[in-house]
Amino acid sequence: MATMRCNSFFSSVALTSFMLAGIAPVAEAASTEDSEIRLLRAEMSQMRRDMQQQIVTLKHQLAKSDATTTKGRMGQAAGRGRHTTHVADGNYDPNVQFGEQEPMKKVAPLSGVGTPPSDRGDTMSWKDFKAATASDEEVRVGGMIVGFPKGRFTVSSEDGAYGFSVGLAFHEDFGGFLGGGPRRGETNGDFNSFTENARRIRIPFTFRYKDWVANVTPDFGAGGADGASTDQTLYEANLNYTGLHNTILTVGYFQPRVTEEDSESSNDFEMMERPAITDAVRKIAAGDARFSFGGLHYEKRWWIAAYFTGQSFGQRSGNASASTNNYGYNGIVNSQTGGTFRAAGRPYMSKDIDVHVGISAISAFKVAEVCKAGSASCSKSYGPSQSPEVNLTSTNLIGATINNASSVWSAGPELGFRWKKMVLKGEYYNIGVNRSNQPITGVTEAMSQKTVHLQGYYGSANYTLFGKGREYNIKEGAFGAPGVEHEFDPSRGYWGALEITGRYSVTDFSDVSADIRGGRQTVWSGGINWYPNRHFRFMLDFNHFIVSRTATGGGMSASTWNNAGRDGNSFAARVQAAF
């Protein structure tokens with residue numbers, strides 16, 4: 001290609017020289033004394049000298065280009081990046097270059113358009129990763145690709161085999177409670193008129209080699225109080241294999257997906273918190289930073305996942321060394337084991353309609369055994385408790401303690417319906433607690449204890465006022481966040497995306513037939529969410545909660561802050577950043 005260009009250039013030079021040579025005698029014949037003719041002659045002489053110099057320069061460049069092509073066929077590399085050939089000596093015109101040049105890709109100007117990135121490590125297959133980094137959201141620097149595929153900062157090798165991504169999920173909550181004060185004989189509890197909470201401060205790090213992906217995500221905001229209220233400052237740390245079609249195999253600390261609400265990224269939630277019942281279900285044997293081994297598979301119409309699970313990160317940290325007596329250890333001496341299963345599908349789908357059905361099941365096959373130092377007694381108990389669906393308080397108004405628990409399980413259906421920009425969904429779950437026989441002092445045979453049944457459900461409605469409505473996310477088997485079609489720009493009449501949502505939720509931790517009286521909580525919620533672009537969101541929620549009293553029974557005592565029942569209201573706001 002370079003030789004053809006040089007031949008063409010030499011032909012042009014020769015033709016120009018011939019024409020100039022023909023002009024000179026005519027000019028001399030006219031008048032050798034005329035000053036204009038003398039000036040023209042001088043200019044032509046200078047042009048000849050310049051052309052001769054260009055010919056010398058082109059010969060050097062051609063020799064250099066041929067040598068480079070022979071060594072490594074650099075012409076192919078020049079087609080993918082900027083390649084300029086320099087001459088070794090002599091003067092040359094820097095505008096004369098050889099080899100095709102492809103413009104460097106720039107970061108897409110509409111990178112703020114779309115849905116929020118996930119709050120987790122983005123575990124894509126190598127094929128999907130290469131497709132994402134091949135979009136316009138990247139630039140090439142020194143043989144590396146730097147960009148923001150799916151809105152997350154990523155550096156990868158040119159073939160996508162090696163990759164590193166870092167993201168952010170930042171949720172800062174603030175607000176307070178109105179009403180809901182203590183009644184006679186009750187303590188106040190943690191219900192501030194104004195407070196704040198660093199709900200999530202997750203920084204997902206993703207390391208990739210082809211179809212092998214490692215995710216490490218610390219969380220500096222885990223817990224119901226401001227910042228991390230426990231030592232669980234890790235959200236996930238796991239190894240994944242994505243080489244099978246639409247399949248992700250995972251081992252390590254992970255959040256196994258169970259229930260529709262739990263399968264969504266927290267960056268996509270309709271309300272600031274999950275419904276209380278789905279949060280209670282996930283804690284049985286799933287939840288954040290739970291040791292897990294299993295996988296998921298998805299297609300356009302169905303989704304399925306199953307995981308074997310152990311304890312959560314940090315759960316064994318309370319263990320102490322052997323005490324001075326012979327009674328053993330303080331803390332957990334026998335870890336919990338369990339499992340999760342979820343299947344979901346879309347029996348009907350079209351441009352304007354999605355019908356979602358599913359089922360989730362979870363079980364702690366073996367409940368963790370906890371022993372106290374200085375005591376021969378060890379216990380297996382299950383103690384569910386929930387806040388009034390806002391994490392601005394550390395006080396849970398409903399809660400039960402079920403002793404002698406041998407296993408805990410839960411199962412229930414999921415239903416969802418989308419019509420254009422409106423989404424309706426709901427779930428129901430029954431929690432069963434199987435109990436071992438209760439020994440009785442002075443009696444040879446132990447007394448059989450009744451299985452405890454707790455339950456809850458919710459229904460929600462969501463509508464996108466402007467922006468792209470919520471759509472079905474096949475990789476999560478759940479509904480995602482609204483899409484920003486035009487990021488916030490008032491000068492052009494663009495306002496991002498705005499949605500309104502409402503929810504009715506009931507959670508009942510009482511089973512009178514089994515003498516368990518943990519209370520019943522009903523929450524009416526409403527909220528509005530604004531997305532100026534895909535990376536930021538502002539949320540405003542109102543909750544009205546009605547809670548029946550907890551009572552003494554089944555080996556448990558009534559809550560000191562809810563022995564007469566409570567009702568109240570909360571206002572809360574959240575600022576969110578997602579990368």
Side-chain angles (χ1 to χ4, degrees), residues 230 276-277 279-287 290 309-312 315-320 323 327-339 362-387 395-411 429-456 507-521 547-563:
T230 69
I277 186 59
D279 198 41
V281 167
R282 68 193 288 266
K283 291 176 182 177
I284 294 174
R290 176 78 69 169
T309 67
Q311 290 185 163
S312 297
Q315 197 169 359
R316 293 182 60 85
S317 63
N319 292 357
S323 58
Y327 291 133
Y329 297 88
N330 175 36
I332 298 173
V333 297
N334 204 346
S335 300
Q336 173 179 302
T337 57
I362 187 170
S363 177
F365 312 133
K366 182 181 69 175
V367 178
E369 187 174 12
V370 181
C371 302
K372 295 181 179 180
S375 171
S377 64
C378 296
S379 64
K380 295 181 178 181
S381 64
Y382 171 63
S385 62
Q386 288 297 132
S387 69
T395 299
N396 295 327
L397 293 178
I398 57 172
T401 301
I402 304 171
N403 295 318
N404 215 29
S406 58
S407 63
V408 183
W409 57 270
S410 180
Y429 291 99
N430 178 77
I431 299 175
V433 184
N434 299 321
R435 296 188 287 181
S436 301
N437 292 342
Q438 177 69 42
I440 303 175
T441 304
V443 179
T444 304
E445 296 183 359
M447 180 181 68
S448 176
Q449 290 188 296
K450 180 179 175 62
T451 297
V452 177
H453 290 280
L454 314 177
Q455 64 179 334
T507 306
D508 192 347
F509 284 164
S510 294
D511 185 349
V512 177
S513 64
D515 202 21
I516 300 297
R517 309 169 191 275
R520 176 187 173 98
Q521 175 176 278
V547 186
S548 67
R549 72 187 186 95
T550 58
T552 301
M556 60 179 288
S557 300
S559 166
T560 59
W561 49 74
N562 185 22
N563 54 28

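It should be emphasised that the depicted structure is a prediction, and the values quoted were computed from it without experimental measurement.
Using a 4.5 Å heavy-atom threshold, the side chains of Pro384 and Leu454 count as touching. No side-chain heavy atom of Tyr382 sits less than 4.5 Å from a side-chain heavy atom of Val452. When side chains are defined from C-beta on, Arg517 counts as touching Val512, because their heavy atoms get closer than 4.5 Å. Under the 4.5 Å side-chain criterion, counting only non-hydrogen atoms from C-beta, Arg290 is in contact with Gln336. Taking the side chain as every heavy atom from C-beta outward, Ser335 and Gln311 approach each other to under 4.5 Å.
Note that CD1 of Ile516 is 12.0 Å distant from OG1 of Thr550, once rounded to the nearest 0.5 Å. With rounding to the nearest 0.5 Å, the separation of OG in Ser379 from CD in Glu369 is 8.0 Å. With values rounded to the nearest 0.5 angstrom, Lys366 atom NZ is found 12.5 Å from Ser406 atom OG. The CD1 atom of Ile362 sits 9.5 Å away from atom CD1 of Ile431, with the distance rounded to the nearest 0.5 Å. In this structure, the separation between OG1 on Thr309 and CD1 on Ile284 is 10.5 Å, given to the nearest 0.5 Å.
Between the side chain of Asn396 and the backbone N or O of Ser387 there is at least one donor-acceptor pair closer than 3.5 Å. Checked by atom type and distance alone, the side chain of Arg435 never pairs as donor or acceptor with a backbone atom of Asn403 at under 3.5 Å. The backbone N or O of Val367 lies less than 3.5 Å from no partner atom in the side chain of Ser407, so there is not a single donor-acceptor pair.
Closest heavy-atom contact between Ser510 and Gly519: OG-N, 2.8 Å. When all heavy atoms of Ile277 and Gln455 are compared, the closest pair comes out as CD1-C, 3.9 Å. Heavy-atom minimum distance, Ala285 versus Gly338: CB-CA, 4.3 Å. Residues Phe509 and Ala280 come closest through the heavy atom pair CZ-CB, 4.0 Å. Shown here for Tyr429 and Ser410, the closest heavy-atom pair between the two residues is CB-OG, 3.8 Å.
The side-chain hydrogen bond (donor to acceptor under 3.5 Å, both in side chains) with Gln449 is formed by just one residue from the set Asn404, Asp515, Asn434; it is Asn404.
With sequence neighbours left out, Arg549 forms a salt bridge (Lys or Arg N to Asp or Glu O under 4.0 Å) with no residue at all. By the salt bridge (Lys or Arg N to Asp or Glu O under 4.0 Å) test, Lys283 pairs with Asp279, sequence neighbours left out.
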